[in-house]
Amino acid sequence: MSFSEVFDNLALRKSDLVRRFEELIAPKSDADLESMARTSRALTLQNFGRTMRLFAPLYLSNECINNCRYCGFSRDNPILRVTLSVEEVVAEARYLREAGFRQILLVAGEHPKFVGGDYLVDCIRALTPDFPSIAIEVAPLATSDYIPIVRAAAEGLVVYQETYQRAVYAEMHTAGPKRDFNYRLDCPERAYRAGFRRLGVGALFGLWRWQDEAVALAAHVEYLLRRCWQTQITVSLPRLRPAAGGFRPLFSMSDRELAQLVCALRISFPQVGIVLSTRERPALRDALVSLGVTMMSAGSHTEPGGYTGQGASDLHRTVRGRIVAPEFHNGEDVRATGQFEISDERSPAEVAAVLRRRGFEPVWKDWDPALLAS
């Protein structure tokens, strides 16, 4: 039985753990929330110590075949697009290596013509000499398509369900293969069968009531911990940010509620990694470090070529999926369009310095394939 089958009965068959989680995300007094925070801090130190894994996203392409109302890469958005060559990907990666990173996340819009399995394998093989930890966040694939990617040395996969509400999902995804809710929902299980060492899931907060999304996410995590027990599970909690297309969320999630959710996840799942991106402003990211977050991005760019300007000569604009000649103005900074605006623009070195001042050790590398041979 896959999670998509379990999910449809979630309202009637919530586990005791998920019910306790529901209680943790219910409205709390300041005193109750502080008590949760103390418990969350203690569990984080017990299971992860004073460490923080640092990683960087490396965007390969912003081409996309899907129409997603909230995403800057959406097919019908008239944005500047590019897919980096393998050589350009290596150039971007070398910049990240010089900044200290040894863990990178390869991200791409969902378009099989531009970002297929062979391309991903070539990118991963080109990067493995410098990066022992490579994860991917691309279109969901079949297990047979993931196997060569794992063999090429990718050790992690990230896939957000975006929203766990079927009706909202259908409204947000108006065209393209991403409309298949169940295929996306069962993606982590297919990836696990292919041999990924780490699986990351998450919901995009702002598309529906955050409490409902969080309960479904918790049920998904519980299921993966039970069924995919040989892999590490991480959870991401992205909140919607401004992006091309101008989508405005109907639902909000306050900073206090985000902090409460971090604590609830840590208390419910003491050994699960919690990821925080540069979507959040610096002061909030710094505050959440001690509550339960165990992995952070830093110095991020969400456009292909964002770190070194790679791909500038191949830029093109799309209008409703059709390629048209780009128009540039004198002096314009010619770059591909990003997926969304970031909020924390500090350099990796600045983020690492803040972590050290708060008593945490930045971890640039915590995994090497050579460990498997020992």
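Judged by distance alone, the side chains of S74 and N77 never bring a donor and an acceptor atom under 3.5 Å apart.
Here CD1 of I79 is found 8.0 Å from CD of E63. Values are rounded to the nearest 0.5 Å. The OG atom of S4 sits 9.5 Å away from the CD atom of Q161 when rounded to the nearest 0.5 Å. To the nearest 0.5 Å, the span separating CZ on F101 from CZ on F131 amounts to 9.5 Å. Atom CG in D76 sits 11.0 Å away from atom CG in N66 (nearest 0.5 Å). Atom-to-atom distance recorded for C68:SG and K178:NZ is 4.0 Å, nearest 0.5 angstrom. For the atom pair L157 CG and I149 CD1, the distance stands at 8.5 Å (nearest 0.5 Å).
Heavy atoms from other residues, nucleotides or ligands lying under 6.0 Å from CZ of R226 number more than 12. Shown here is E345, whose CD atom has no more than 12 heavy atoms of other residues, nucleotides or ligands within 6.0 Å. Summarising the local packing, CZ of F340 is surrounded by more than 12 heavy atoms from other residues, nucleotides or ligands at distances under 6.0 Å. For N9, the CG atom counts as densely surrounded, since its 6.0 Å shell holds more than 12 non-hydrogen atoms of other residues, nucleotides or ligands.
Side chains of Q165 and R209 form no contact here, defined as non-hydrogen atoms less than 4.5 Å apart. Taking 4.5 Å as the limit, some side-chain heavy atom of L45 sits within range of a side-chain heavy atom of R50. The closest side-chain heavy-atom distance from I124 to R151 is not below 4.5 Å. Under the 4.5 Å side-chain criterion, counting only non-hydrogen atoms from C-beta, L120 is in contact with L60. Between R285 and V351, some side-chain heavy-atom pair lies under the 4.5 Å cut-off. Side-chain contact between V82 and E88 is absent, with no heavy-atom pair separated by less than 4.5 Å. For the pair E110 and C64, the minimum side-chain heavy-atom distance is below 4.5 Å. S133 has its side chain out of reach of K365: every pair of non-hydrogen atoms, C-beta onward, lies at least 4.5 Å apart.
Ring geometry for F7 against Y164 counts as tilted: the plane angle lies between 30° and 60°, on a 0 to 90° scale. The aromatic rings of F3 and Y223 sit tilted relative to each other, their planes meeting at an angle between 30° and 60°.
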Listed pairs under 3.5 Å, donor-acceptor, residues 264-275 side chains, sequence neighbours left out:
{"unit_1": "R266", "atom_1": "NE", "unit_2": "T44", "atom_2": "OG1", "d": "3.1"}
{"unit_1": "R266", "atom_1": "NH1", "unit_2": "F269", "atom_2": "O", "d": "2.9"}
{"unit_1": "R266", "atom_1": "NH1", "unit_2": "P270", "atom_2": "O", "d": "3.1"}
{"unit_1": "R266", "atom_1": "NH1", "unit_2": "V272", "atom_2": "O", "d": "2.8"}
{"unit_1": "R266", "atom_1": "NH2", "unit_2": "V272", "atom_2": "O", "d": "3.0"}
{"unit_1": "R266", "atom_1": "NH2", "unit_2": "G292", "atom_2": "O", "d": "2.8"}
{"unit_1": "S268", "atom_1": "OG", "unit_2": "A264", "atom_2": "O", "d": "2.8"}

Identify all side-chain donor-acceptor contacts of residues 303-312 below 3.5 Å with residues at least two apart in sequence or on another chain.
{"unit_1": "E303", "atom_1": "OE2", "unit_2": "H301", "atom_2": "ND1", "d": "3.2"}
{"unit_1": "Y307", "atom_1": "OH", "unit_2": "P57", "atom_2": "O", "d": "2.6"}
{"unit_1": "Y307", "atom_1": "OH", "unit_2": "H301", "atom_2": "N", "d": "3.3"}
{"unit_1": "T308", "atom_1": "OG1", "unit_2": "E92", "atom_2": "OE2", "d": "2.6"}
{"unit_1": "T308", "atom_1": "OG1", "unit_2": "Q310", "atom_2": "NE2", "d": "3.3"}

Please list, one pair per line, the donor and acceptor atoms closer than 3.5 Å that link side chains of residues 140-147 to other protein atoms, with sequence neighbours excluded.
{"unit_1": "T143", "atom_1": "OG1", "unit_2": "R190", "atom_2": "O", "d": "3.0"}
{"unit_1": "Y146", "atom_1": "OH", "unit_2": "L141", "atom_2": "N", "d": "3.0"}

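Heavy-atom minimum distance, S290 versus F360: CA-CZ, 3.9 Å. The minimum heavy-atom distance linking E213 with E162 is given by the pair OE2-O, 4.5 Å. Taking both residues in full, the closest heavy atoms of Y119 and L84 are given as OH-O, 2.7 Å, listed atom of the first, atom of the second, then distance. When every heavy atom of A219 is checked against every heavy atom of L10, the shortest pair comes out as CB-CD1, 3.6 Å. Minimum interatomic distance between R317 and P78 (heavy atoms only, all atoms of both residues): NH1-O, 3.1 Å. Listed here is the closest heavy atom pair of V150 and G195: CG1-O, 3.9 Å.
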Item to check | Residues R279, T302; criterion side chain to side chain contact (heavy atoms under 4.5 Å, CB included); working and verdict | outcome: CA-CA 10 Å; R279 289 172 180 264; T302 68; over 6 Å; no
Item to check | side chain to side chain contact (heavy atoms under 4.5 Å, CB included) between L258 and L288, worked out | outcome: CA-CA 9 Å; L258 178 59; L288 292 177; 4.0 Å; yes
Next on the checklist: Working note: L237 + L276, criterion side chain to side chain contact (heavy atoms under 4.5 Å, CB included); need CA distance, chi angles, decisive distance, verdict.
Outcome noted: CA-CA 7 Å; L237 310 172; L276 191 65; 5.7 Å; no
Item to check | Trace of the side chain to side chain contact (heavy atoms under 4.5 Å, CB included) decision for V159 with R184 | outcome: CA-CA 8 Å; V159 57; R184 192 171 190 89; 4.0 Å; yes
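Linking Ile, Leu, Val, Met, Phe, Trp and Tyr whenever their side-chain heavy atoms come within less than 4.5 Å leaves F48 and V262 in two separate clusters. Grouping the Ile, Leu, Val, Met, Phe, Trp and Tyr side chains by contacts below 4.5 angstrom, directly or via other members, places I25 with F205. Note: the hydrophobic cluster containing W210 also contains L217 (ILVMFWY, side chain heavy atoms under 4.5 Å, direct or indirect links). Residues M36 and V293 are members of separate hydrophobic clusters, defined by side-chain heavy-atom contacts under 4.5 angstrom among Ile, Leu, Val, Met, Phe, Trp and Tyr. The hydrophobic cluster containing F55 does not contain V201, counting ILVMFWY residues as joined when their side-chain heavy atoms lie under 4.5 angstrom apart, directly or transitively.
Using a 4.0 Å cut-off between charged nitrogen and carboxylate oxygen, E34 and R41 count as a salt-bridge pair.
In this structure, the side chain of T337 engages the main chain of L80 through a donor-acceptor pair within 3.5 Å. Under the 3.5 Å distance criterion, the side-chain polar atoms of T278 are left unmatched by any main-chain donor or acceptor of D344. Of the possible polar contacts, none joining the R81 side chain to the T318 backbone as a donor-acceptor pair under 3.5 Å is found. In this structure, D186 contributes its side chain and S2 its backbone to no donor-acceptor pair below 3.5 Å. For the pair E137 (side chain) and V107 (backbone), a donor-acceptor distance under 3.5 Å is absent.
Identified under the side chain to side chain donor-acceptor pair (under 3.5 Å) test for residues 348-362, with sequence neighbours left out: S347-E350. Each side chain to side chain donor-acceptor pair (under 3.5 Å) pair with one or both residues in residues 230-251, not counting sequence neighbours, appears once here: Y160-S236, Y192-Q230, R239-D255, R239-E280.
With sequence neighbours excluded, the residues forming a ring-ring contact (aromatic ring centres under 6.0 Å, His included) with Y169 are H173, F181, listed by chain and number.
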